[in-house]
Amino acid sequence: MTREEVAALLAYAVRLDPRSAPADQAAAGETLNQWADLLADVPPTAPHPAGRHWDAAQVVRHHIKTSPYPIKPSDVSRPWHDFRRDVVDRHHDPVPAADPDDQAAYRAALVATRHAVAIGAAPAATFRELTGGTRAERDQAAAERLAALGDYVPRTVRDALATYRPRRAERERLAVEGLPDPLDVQCPYQQCRAEAGKPCTNYRRNPRPSPHPSRIDLATAHHYAPQEPAA
């Protein structure tokens with residue numbers, strides 16, 4: 001909050017609880033300095049993906065309504081840090097607009113988005129917002145992806161075979177959870193260029209245990225790209 005926003009918050013607190021009013025002008029200035037310093041990283045309002053938005057004034061009101069003790073700046077900052085932690089935990093990184101092959105720019109875009117979410121300047125992108133659709137639609141999409149992977153086997157048999165075919169098991173897991181599958185796209189890494197459905201390879205042309213980062217990024221962008229409406 002800015003100094004002016006903190007001053008407004010203090011005035012609101014004094015209106016609700018006159019006991020918190022400073023004794024004189026000097027005390028008022030000292031209180032404002034203290035609160036402004038401790039609440040510099042706390043926004044007056046911030047969005048929450050579950051709809052429980054942050055409002056510093058409501059935090060002040062709740063404290064004065066429920067606590068017998070005079071309000072302190074920590075009574076505002078502590079709930080904010082709990083709120084921020086919950087928002088960040090719910091956040092799923094959307095695909096940045098930066099070129100995934102420009103690792104520095106791509107990483108900077110991710111960091112900027114996460115920082116904006118952490119300070120309340122931008123709303124968190126939730127998994128549901130990224131995937132879209134109803135539960136039934138997502139289940140149908142998962143079933144179609146599983147069918148596209150090959151012959152169907154009962155889930156109990158599939159789980160028993162997972163240890164012996166880890167790559168297939170991982171693709172089935174991604175399909176069931178509605179997550180991007182890097183093997184759905186061709187690897188864009190020039191030294192690899194593995195075809196869709198094939199694992200990435202190293203410089204010796206041996207299969208890699210994991211896809212190249214640029215392939216993961218491409219699959220993510222492809223997975224979350226808006227779908228064209230059916231004709």
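A continuous path of hydrophobic side-chain contacts links Val59 to Tyr12 [ILVMFWY only; heavy atoms under 4.5 Å]. Linking ILVMFWY side-chain heavy atoms closer than 4.5 Å, directly or via other members, places Ile71 and Leu32 in a single hydrophobic cluster. In the hydrophobic clustering of this structure, Val6 groups with Leu16; members are Ile, Leu, Val, Met, Phe, Trp, Tyr whose side-chain heavy atoms approach within less than 4.5 Å, directly or through other members. Hydrophobic clustering of Ile, Leu, Val, Met, Phe, Trp and Tyr side chains at less than 4.5 Å, counting indirect connections, keeps Tyr189 apart from Val185.
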Task: Candidate pair Leu218 and Gln186, rule side chain to side chain contact (heavy atoms under 4.5 Å, CB included), full reasoning - done: CA-CA 9 Å; Leu218 179 61; Gln186 182 182 33; over 6 Å; no
Open item on the list: Is there a side chain to side chain contact (heavy atoms under 4.5 Å, CB included) between Arg193 and Cys187? Walk through the geometry before answering.
Closed with: CA-CA 5 Å; Arg193 307 293 291 177; Cys187 180; 5.8 Å; no
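Note: Gln190 CD to Ser214 OG = 10.5 Å, rounded to the nearest 0.5 Å. Here His222 contributes atom NE2 and Asp181 contributes atom CG; the two are 11.5 Å apart, rounded to the nearest 0.5 Å. We find the CE-CH2 distance between Met1 and Trp80 to be 10.0 Å, quoted to the nearest 0.5 Å. To the nearest 0.5 Å, atoms CG (Leu183) and CZ (Arg215) are separated by 4.5 Å.
Put simply, the side chain of Asp75 gets close to the backbone of Lys72: a donor and an acceptor are under 3.5 Å apart. Side chain of Ser67 to main chain of Ile64: no donor-acceptor pair is present (N/O by atom type, distance under 3.5 Å, no hydrogens or angles).
Between Arg61 and Asp55, every side-chain heavy-atom pair lies at or beyond the 4.5 Å cut-off. The side-chain heavy atoms of Glu195 and Lys198, taken from C-beta on, include a pair separated by under 4.5 Å. Between Leu39 and Ser77 the shortest side-chain heavy-atom distance falls below 4.5 Å. Looking at heavy atoms from C-beta onward, Leu10 lies in side-chain contact with Thr31 at the 4.5 angstrom threshold. Two residues are said to be in side-chain contact when any heavy atoms from C-beta on lie closer than 4.5 Å; Val42 and Trp54 meet this criterion. Counting heavy atoms from C-beta on, the side chains of Thr201 and Asn206 never come closer than 4.5 Å. Side-chain contact between Thr220 and Ile216 is present, with at least one heavy-atom pair separated by less than 4.5 Å. Looking at Pro199 and Arg208, their side chains never come closer than 4.5 Å, going by heavy atoms from C-beta outward.
Counting non-hydrogen atoms of neighbouring residues, nucleotides and ligands closer than 6.0 angstrom, the NE2 atom of His62 reaches no more than 12 such neighbours. When the shell of 6.0 Å around CD of Glu30 is examined, it contains 12 or fewer heavy atoms from other residues, nucleotides or ligands.
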